[in-house]
Visitor: 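The structure's right below; bear with me while I get my questions together.
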Amino acid sequence: MGDSYIILKTTALKNGSFRHDIHYWLGKDTSQDEAGTSAILTVELDAALGGRAVQYRELQGNETEKFLSYFRPCIMPQSGGVASGFNHVEVNEQEHFTRLYMCRGKHVVHVKEVPFARSSLNHEDIFILDTKSKIFQFNGSNSCIQERAKALEVMQYIKDTFHEGKCEVAAVEDGKLMADAEAGEFWALFGGFAPLPKKSPSEDNGNERENVVKLLCINQGNAEQINFDSLVRELLESNKCYFLDCGAEMYVWMGRSTSLQERKGASEAAEKLLIDDSRTKSHVIKVIEGFETVMFKSKFVEWPPTPDLKLSSEDGRGKVAALLKSQGLDVKGLMKAAPVKEEPQPYIDCTGHLQVWRVNGSDKALLSTPDQSKFYTGDCYIFQYTYTGDDKEECLIGTWFGEKSVEVERASAMSLASKMVQSAKFQVVQARLYEGKEPIQFFVMFQSLQVFKGGLSSGYKNFIAENDIADDTYCEDGIALFRIQGSGSENMQALQVDAVASSLNSSYCYILHNGNTVFTWTGNLTTSLDHDLVERQLDVIKPDLPSRSQKEGRETDQFWEILGGKSKYTNQKLGREHESDPHLFACIISKGNIKVKEIHHFTQDDLVTEDVFVLDCHSDVFVWVGQEVDTKVKSQAMDIGEKFLVLDFLMEKLSRETPIFTVSEGSEPQFFTRFFTWDSAKSLMHGSSYQRKLAVLKGRAPPSLDKPKRRTSAFTGRSSGQDKSQRSRSMSTSPDRPRVRGRSPAFSVLTSAFENPSNTRNLSTPPPAVRKLFPKSGDQSKVSPKKSAISALTGSLIPKSVKGT
């Protein structure tokens, strides 16, 4: 409690860069000199790292949730301090004596030691009483289930850390008085039961008053207020430092053109301002121009896109690496982070059973097996895919909206699909997909997909008739041009585009037909895989007809004549949204609106059964719904995902057409669980989060839900005897003569990938090094050099007295 610490957290991002977060933690008994020195040293460390780190001021008892997430389940500072030039406090011996702790927080726990007295207890909070032989958790009657469950993690930590796991534990409910034996034992330690006083207004609530946002410019150590009508980015100049005072948080913004001395001066001025205004509990966050946090940007009316900054940080990173190396730490992999370049994996069995309906007005019509992979851009579709999961049958129900589909049929599709999900008691995954934004799972389910122009539904036909729009629905006897794309026989598409030369692209192959005249066109940048795909798609679009091969630059006049003449076209491959580093958010639903709160360094244990969470991967959004969530809220899961896209909390310009998956606890698919170190036994437990963790803490097996048996299409009536040979094709590769077709297994490579458990990925932040309530489910014995270097860098700056908590 009498020391200050600097903690560096370095995270390797998917784009190949590092994100640095520097926290300087001030114990409640730390000296003013140490506090000031810590603030200056963080600025110097940031400069050594290239001037891109976000710096946080952490005060004991009022730490940010991001800081606490590094030290789960909690930090419990010890009395005393380390002798230094500033501090000569003696460290107390580690003798056990009875302590009382107050715990607060649903996602991370703030632990505060309070006097061991009945007057410290109240009805709103949770308390842990640590005696030599037994640990008690007292749950205030007004505390919530999630906070009680989190406090149990603290009790487990105390038991393991201070009692070597060898003591009894007990839970005491406020209001049970002496009727419970453990409650009687608890109250006896306080001299007997007596009514608890009503909680006085919290110290924390004093800072919750509404504050007027102020902007101050730092000039030679003095803060000069800037008047503004609207807080806009243009108020900040690159050669100056500013304070953005938001009451509970104070931001220090440092322009890229400012000197190291000016940044130190701004840090000192911030500390002085807090002391002069007696605002000891305000958080101070320091940001560098170009590396502002989302919360900082959100304070402004509008924040323009941040340009890519060319920074020379290798020298600074080298200095830090050299410093750590001199201390005997392994820094291999620290100097450079290589971008993650990998093909997206489906994480779904591709040999399942597929059923597709076309939406027609307010009804749906089942498509035959040959037609279920032929979509029209003016129509909406509902699909159901059942496949083998881990010891049970998994099911995915989704909707696909064509680019030209009408709104009334989109609404019908969502309503019909939601009814299917509800009939399955929400124990399926639901997806909402738009044409052009489909995830890889969708393509693998269909394997060979064709998307035609126009539409066949009554809604589309009525729309074009009412608006006097020409019907361009695909006709196999007319002129049509298809772009062929995909990654293999289990993932290939033929997409009809405008039959003009400008639709061509050197990175793709195409099929062009005019009645029975068929051409294939091969771009100069295509591969042998692309050539194979175009042959396979010919079997679907124009079976049993010969085709004439056209190579880019050597086309015949007839080919250009069908396209209406030559024209310029691009050679750039069409880009798709890439998956970014995942972010987990807890959702609070109130009166139809949602508020979100980010969960930093998340693990599976953060998915609390009473709540709804959103996992944002940029390319996809997952809405996870716990078992204990109200049925009405469960039915609104897709709406929550839609509202999250509008909210765009990370300010990443999320498309309104981003794929949304809703996932129910106990039915999580692998393409969701891969973001965690996943233990399927946890999601199959029954009861509240508090009941589950209390059972584990007391050594009892928590109740579990029965794993659902493999279903035989319980909600659709689809026969399990589907001819799987319909889902794969092989053909002759000669383009100039009719091809002889046969049947061949199209999915052996992808299937073998699912049989190899080593392909499972974990992209989440490594779990913190504290004892868990549940056993680990993944093999973490292999650690990459990059992660080792990052751990070494972080570990070297966390003193033992903090790391042990």
Side-chain angles (χ1 to χ4, degrees), residues 1-5 7 23-30 35 56-81 89 92 94 96-131 135-144 146-159 161-162 169 171-172 174 186 189-190 196-208 248 278-283 768 770 801-805:
M1 295 183 184
D3 290 332
S4 300
Y5 297 89
I7 296 92
H23 304 255
Y24 60 104
W25 184 88
L26 309 177
K28 70 180 183 64
D29 297 328
T30 193
Y56 301 83
R57 179 182 187 269
E58 307 285 353
L59 188 66
Q60 180 183 342
N62 194 44
E63 298 88 350
T64 62
E65 292 201 355
K66 186 168 192 174
F67 179 78
L68 291 175
S69 71
Y70 304 152
F71 306 100
R72 298 194 186 203
C74 64
I75 59 173
M76 300 179 71
Q78 303 301 300
S79 300
V89 180
N92 294 327
Q94 294 295 318
H96 188 279
F97 57 91
T98 302
R99 296 176 184 268
L100 183 64
Y101 301 97
M102 180 172 65
C103 301
R104 292 178 182 171
K106 291 173 60 175
H107 307 295
V108 294
V109 188
H110 289 82
V111 178
K112 178 182 179 181
E113 185 174 355
V114 294
F116 174 34
R118 189 191 297 110
S119 59
S120 296
L121 304 176
N122 61 59
H123 299 294
E124 281 70 32
D125 294 314
I126 295 148
F127 296 84
I128 294 177
L129 179 62
D130 179 20
T131 70
I135 307 172
F136 298 85
Q137 176 168 315
F138 174 80
N139 300 316
S141 57
N142 296 331
S143 62
C144 68
Q146 296 93 324
E147 285 188 310
R148 297 181 186 187
K150 274 296 173 185
L152 285 175
E153 296 181 12
V154 178
M155 184 190 283
Q156 175 81 68
Y157 174 77
I158 293 173
K159 177 181 177 181
T161 305
F162 302 110
V169 296
V172 177
D174 183 11
F186 172 80
L189 294 169
F190 289 90
L196 297 180
K198 289 187 177 180
K199 185 179 178 182
S200 59
S202 171
E203 300 173 0
D204 300 330
N205 294 337
N207 289 332
E208 292 180 1
S278 299
R279 292 169 51 186
T280 56
K281 292 195 174 182
S282 290
H283 291 132
V770 296
S801 60
V802 176
K803 287 199 292 185
T805 58

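Worth knowing before you read on, the calculation uses all heavy atoms, side chains too, and leaves out hydrogens, waters and symmetry mates. The first residue of the sequence shown is numbered 1, and numbering continues consecutively from there.
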Visitor: So, for Leu129 and Leu189, which heavy atoms are closest and what is the spacing to 0.1 Å?
Guide: CD2-CD1, 3.5 Å

Visitor: How long is the gap from NZ on Lys112 to CZ on Arg104, to the nearest 0.5 Å?
Guide: 7.0 Å

Visitor: Not counting sequence neighbours, which residues clear salt bridge (charged side-chain N to carboxylate O under 4.0 Å, His left out) with Lys66? List them please.
Guide: Asp21

Visitor: Once ring-ring contact (aromatic ring centres under 6.0 Å, His included) is applied, do any residues pair with Phe127, and if so which ones, sequence neighbours excluded?
Guide: none

Visitor: Is there side-chain contact between Ile75 and Phe67, with at least one heavy-atom pair below 4.5 Å?
Guide: yes

Visitor: Flag the pair Cys103 / Val109 as yes when at least one side-chain heavy-atom distance between them is below 4.5 Å, and no otherwise.
Guide: yes

Visitor: Can you name the residues that form a side chain to side chain donor-acceptor pair (under 3.5 Å) with Tyr24, not counting sequence neighbours?
Guide: Glu271

Visitor: Locate the shortest heavy-atom distance separating Asn122 from Asp125; write the atom from each residue and the value.
Guide: OD1-N, 2.8 Å

Visitor: Taking the side chain as every heavy atom from C-beta outward, state whether Lys106 and Cys144 have any atom pair closer than 4.5 Å.
Guide: yes

Visitor: Kindly assign one of parallel, tilted or perpendicular to the pair Tyr157 and Phe162, based on the angle between their ring planes and the thresholds 30° and 60°.
Guide: perpendicular

Visitor: Looking at Asn139 and Gln137, what are the two nearest heavy atoms and their distance?
Guide: OD1-NE2, 2.9 Å

Visitor: According to side chain to side chain donor-acceptor pair (under 3.5 Å), who are the partners of Glu63, at least two apart in sequence or on a separate chain?
Guide: Trp25

Visitor: Once you round to the nearest 0.5 Å, how far does CD of Glu113 lie from CE of Met102?
Guide: 11.5 Å

Visitor: I'd like to know if the side chain of His107 reaches the main chain of Gln146, judged simply by a donor and an acceptor atom lying under 3.5 Å from each other, with no hydrogens or angles considered.
Guide: no

Visitor: Could you tell me which residues satisfy side chain to side chain contact (heavy atoms under 4.5 Å, CB included) with Ser119, sequence neighbours excluded, listed by chain and number?
Guide: Ala117

Visitor: Are Arg72 and Tyr70 in a cation-pi contact, defined as NZ or CZ under 6.0 Å from the six-membered ring centre and within 45° of the axis?
Guide: no

Visitor: With Thr131, which residues qualify under side chain to side chain donor-acceptor pair (under 3.5 Å), at least two apart?
Guide: none

Visitor: Between atom CE of Met76 and atom CD1 of Ile128, what is the distance when rounded to the nearest 0.5 Å?
Guide: 7.5 Å

Visitor: Among Val108, Leu68, Val154, whose side chain to side chain contact (heavy atoms under 4.5 Å, CB included) with Cys74 holds?
Guide: Val154

Visitor: Mind checking the CZ-OG1 spacing from Phe136 to Thr98? Nearest 0.5 Å is all I need.
Guide: 10.0 Å

Visitor: Looking at the rings of Phe138 and Phe186, which for Trp means the six-membered one, are their centres under 6.0 Å apart?
Guide: yes

Visitor: Where do Ser143 and Arg148 come nearest, in terms of heavy atoms and distance?
Guide: OG-NE, 3.0 Å

Visitor: Compare all side-chain heavy atoms of Asp174 with those of Leu121 and state whether any distance is below 4.5 angstrom.
Guide: no

Visitor: Indicate yes or no: does Glu147 engage Lys150 in a salt bridge with an N to O separation below 4.0 Å.
Guide: no

Visitor: For the atom pair CZ (Arg57) and CG (Leu26), what is the distance rounded to the nearest 0.5 Å?
Guide: 5.5 Å

Visitor: Roughly how far, to the nearest 0.5 Å, is CG of Leu152 from NZ of Lys159?
Guide: 11.5 Å

Visitor: Does Ile135 reach the side chain of Asp130, with side-chain heavy atoms less than 4.5 Å apart?
Guide: yes

Visitor: Of the non-hydrogen atoms in Ser120 and Leu100, which two are nearest, and what is the gap between them?
Guide: CB-CD2, 3.9 Å

